[in-house]
Amino acid sequence: MKVTLISGGVGGAKFALGLRQALQDQDASLSIIVNTGDDMWLTGVRVCPDLDSMMYALAGLNDAERGWGRAGESERVSAELKAYGIGWPWFTLGDLDLGTHLARTTLLREGLALSEATAQLCARWELGAQLIPATDDEVETWVETTAGNGTATMHFEEWWVRTRATAPVRRFLQRGAESASPAAGVVEAVAEADVVVLAPSNPVVSLGTVLGFPGAGGRAGVPGIAGIRQAVQRTAAPVVGVSPIIGGSPVRGMAAQCLEALGQPCSAEAVGLIYGSRGQGGLLDSWLVDTEDSGALPALEASGIAAEAVPLWMHNGDASRRLALDALSAAQRAAGH
Ligand code: GDP
Ligand code: CA
């Protein structure tokens with residue numbers, strides 16, 4: 001069985017760990033298409049936050065307590081860069097993490113595509129999954145904010161980390177999206193899958209920057225990478241999504257601000273309806289909401305999405321594994337229809 005997950009960073013990685021466990025006794029392969037909208041050039045190196053979060057989590061190297069980066073990290077190089085006034089003082093790159101970025105940058109400078117560089121970095125670890133960046137092109141999410149009477153445009157990571165998503169958003173920009181195409185292997189991973197899963201990731205800045213997400217009330221949406229949404233719409237595999245929103249709020253992080261910036265409500269029902277039924281030009285055959293959100297089921301069913309209410313809190317590895325099993329059986333039921 002071929003399973004393809006479309007994901008952001010830390011939230012998606014928690015689910016990916018459960019999915020890998022759920023598949024371990026089966027003859028299955030796992031491909032993970034990862035958001036690259038957070039990528040950037042910083043202090044001379046290419047940083048790919050979501051790819052790295054996913055690689056570190058699957059390799060068991062992540063700092064679970066802090067929630068990002070590598071465990072046992074030190075920050076000697078960052079301290080030197082700070083002393084030179086280089087980089088972002090509020091965005092620390094750990095020494096071990098910098099090793100990853102230097103290795104990646106070396107490969108990119110040698111002419112490898114990001115997908116090739118990613119495969120080479122991942123080959124060092126036993127990930128039990130193939131990581132594929134959504135695109136090999138540099139498509140970065142930038143944020144146009146309103147500050148007083150003026151506007152300021154900053155990289156997504158600056159808005160997220162420095163302003164803690166507090167700077168009011170006029171719109172998100174996906175710089176370079178017009179001319180971008182899916183990375184090698186992305187469309188194939190979706191087309192040849194037996195099951196496609198949309199991770200419980202930020203619907204705007206993690207999945208939206210891959211699949212597109214519309215704005216409402218005159219607000220701009222994000223276009224996504226041309227061709228990936230179409231691949232999901234066309235695949236013969238059932239497509240199941242897991243809500244990143246429980247009881248009207250994202251479990252962790254600032255997805256509410258992202259949805260608000262697009263004029264969209266923050267609820268499991270709304271996000272499911274916006275992703276939409278594949279039967280009607282959308283992305284989903286099936287949508288998992290939390291037991292707390294079971295009131296959303298009738299509206300989702302009425303729109304042609306097979307919806308189910310199951311526990312969505314991934315508070316430990318076993319909860320993630322059970323959620324992944326629920327997603328796989330929902331996909332199986334959707335395929336039977
Ligand atoms: P990021 O790129 O590191 O921000 O990670 P993602 O975009 O992949 O995931 C972030 C999202 O994960 C957050 O917006 C939350 O809504 C969601 N999330 C985090 N923990 C959980 C959980 O335990 N259950 C569910 N259903 N969603 C979660
Ligand atoms: Ca991210």
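As a basis for the values below, the full set of heavy atoms in this structure was taken, side chains included, without hydrogen atoms, waters or symmetry mates.
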Is there a path of hydrophobic side-chain contacts, each under 4.5 Å between heavy atoms of I/L/V/M/F/W/Y residues, joining I305 to I6? yes
I need the minimum non-hydrogen distance between L207 and G8, along with the two atoms involved. CD2-N, 4.4 Å
Distance check, rounded to the nearest 0.5 Å: Q233 atom CD versus L283 atom CG? 6.0 Å
Would a 4.5 Å heavy-atom cut-off, applied to side chains only, mark E110 and L107 as touching? yes
Residue pair S303 / L273: nearest heavy atoms and the distance that separates them: OG-CD2, 3.4 Å
Donor-acceptor contact below 3.5 Å, side chain Q21 vs main chain D318: no
Looking at W287 and A268, would you say the former's side chain and the latter's main chain have a donor-acceptor pair under 3.5 Å? yes
Could you walk me through whether L312 and V242 pass the side chain to side chain contact (heavy atoms under 4.5 Å, CB included) check? CA-CA 8 Å; L312 292 196; V242 182; 3.9 Å; yes
Quick check on K2: does its NZ atom have over 12 non-hydrogen neighbours (other residues, nucleotides or ligands) under 6.0 Å away? no
Do side-chain atoms of T135 reach the backbone of S181 as a donor and acceptor pair under 3.5 angstrom? yes
Over 12 non-hydrogen atoms of neighbours within 6.0 angstrom of CH2 in W313: no
Quick one: CZ on R322 to CE on M314, what's the gap to the nearest 0.5 Å? 12.5 Å
Tell me which pairs pass salt bridge (Lys or Arg N to Asp or Glu O under 4.0 Å) where either residue lies in residues 15-33, with sequence neighbours left out. none
Would you say that more than 12 heavy atoms from the other residues, nucleotides or ligands in this model lie under 6.0 Å from the CD of E126, or not? no
Taking side chain as C-beta onward, heavy atoms only, is R333 less than 4.5 Å from S286? no
Of all the heavy-atom pairs spanning H155 and W88, show the shortest one and how long it is. CB-CH2, 4.1 Å
Measure the CH2-OG1 distance between W159 and T145 for me, rounded to the nearest 0.5 Å. 10.0 Å
Is there a chain of hydrophobic side chains (I, L, V, M, F, W, Y, each step under 4.5 Å between heavy atoms) that links L325 to V197? no
Donor-acceptor pair, distance only, cut-off 3.5 Å: does the side chain of Q280 make one with the backbone of S277? no
Is there a path from L51 to V186 through hydrophobic residues (I, L, V, M, F, W, Y) whose side chains come within less than 4.5 Å of each other? no
Rounded to the nearest 0.5 Å, what separation is found between the CG atom of D63 and the CG atom of L96? 11.0 Å
Checking the side chain of T105 only, and the main-chain atoms of R46 only, is there a donor and an acceptor separated by less than 3.5 Å? yes
Could you check whether W41 and E138, counting side-chain N and O atoms only, form a donor-acceptor pair closer than 3.5 Å? yes
State plainly whether one hydrophobic cluster holds both I245 and L300, where clusters connect Ile, Leu, Val, Met, Phe, Trp and Tyr through side-chain heavy atoms under 4.5 angstrom apart. yes
Does the T36 side chain pair with the main chain of D39, one donor and one acceptor, at a distance under 3.5 Å? no
Please round to the nearest 0.5 Å and tell me the distance separating atom OH of Y56 and atom CH2 of W68. 11.0 Å
Please find the pair of heavy atoms, one from V195 and one from M1, that lie closest to each other, and give the distance. CG2-SD, 4.2 Å
Side chain of S78, backbone of T92: donor and acceptor closer than 3.5 Å? no
Looking at E73 and R66, is there a salt bridge between them, counting it only when a charged N and a carboxylate O are closer than 4.0 Å? no
Is there a donor-acceptor contact under 3.5 Å from the side chain of D38 to the main chain of D50? no
Is there a side chain to side chain contact (heavy atoms under 4.5 Å, CB included) between L42 and E157 once you walk through the steps? CA-CA 11 Å; L42 189 64; E157 288 288 350; over 6 Å; no
Counting C-beta onward and ignoring hydrogens, is there a side-chain heavy-atom pair between P244 and F15 closer than 4.5 Å? no
Say whether, by atom type as modelled, one donor and one acceptor occur between the side chain of R219 and the main chain of A261 under 3.5 angstrom. yes
Would E144 and R171 satisfy salt bridge (Lys or Arg N to Asp or Glu O under 4.0 Å), going step by step from the backbone distance to the final call? CA-CA 5 Å; E144 202 174 284; R171 60 187 176 133; 3.4 Å; yes
L17 and L58, any side-chain heavy atoms less than 4.5 Å apart: yes
Indicate yes or no: at least one non-hydrogen side-chain atom of L259 is less than 4.5 angstrom from one of V204. yes
Below 4.5 Å, heavy atoms only, C-beta onward: do L127 and L30 meet side chain to side chain? no
Grab the two heavy atoms, one from N202 and one from A255, that are nearest each other, plus how far apart they are. ND2-CA, 3.5 Å
Looking at D285 and R278, is there a salt bridge between them, counting it only when a charged N and a carboxylate O are closer than 4.0 Å? yes
Within-4.5 Å side-chain heavy-atom neighbours: E158 and W90: yes
Treating Ile, Leu, Val, Met, Phe, Trp and Tyr as nodes and any side-chain heavy-atom pair under 4.5 angstrom as an edge, say whether V34 and F213 lie in one connected cluster. no
Measure the shortest side-chain to side-chain distance between L262 and V169 over non-hydrogen atoms and say whether it is less than 4.5 angstrom. no
Quick check for you: to the nearest 0.5 Å, what is the distance between H101 atom NE2 and L98 atom CG? 5.5 Å
Okay, side chain of Q230, backbone of G227: is any donor-acceptor separation there less than 3.5 Å? yes
Closest heavy-atom pair and its distance - V10, G67: CG2-O, 3.4 Å
Verify side chain to side chain contact (heavy atoms under 4.5 Å, CB included) between L114 and C48, making sure each step is shown before the conclusion. CA-CA 10 Å; L114 179 62; C48 302; 4.0 Å; yes
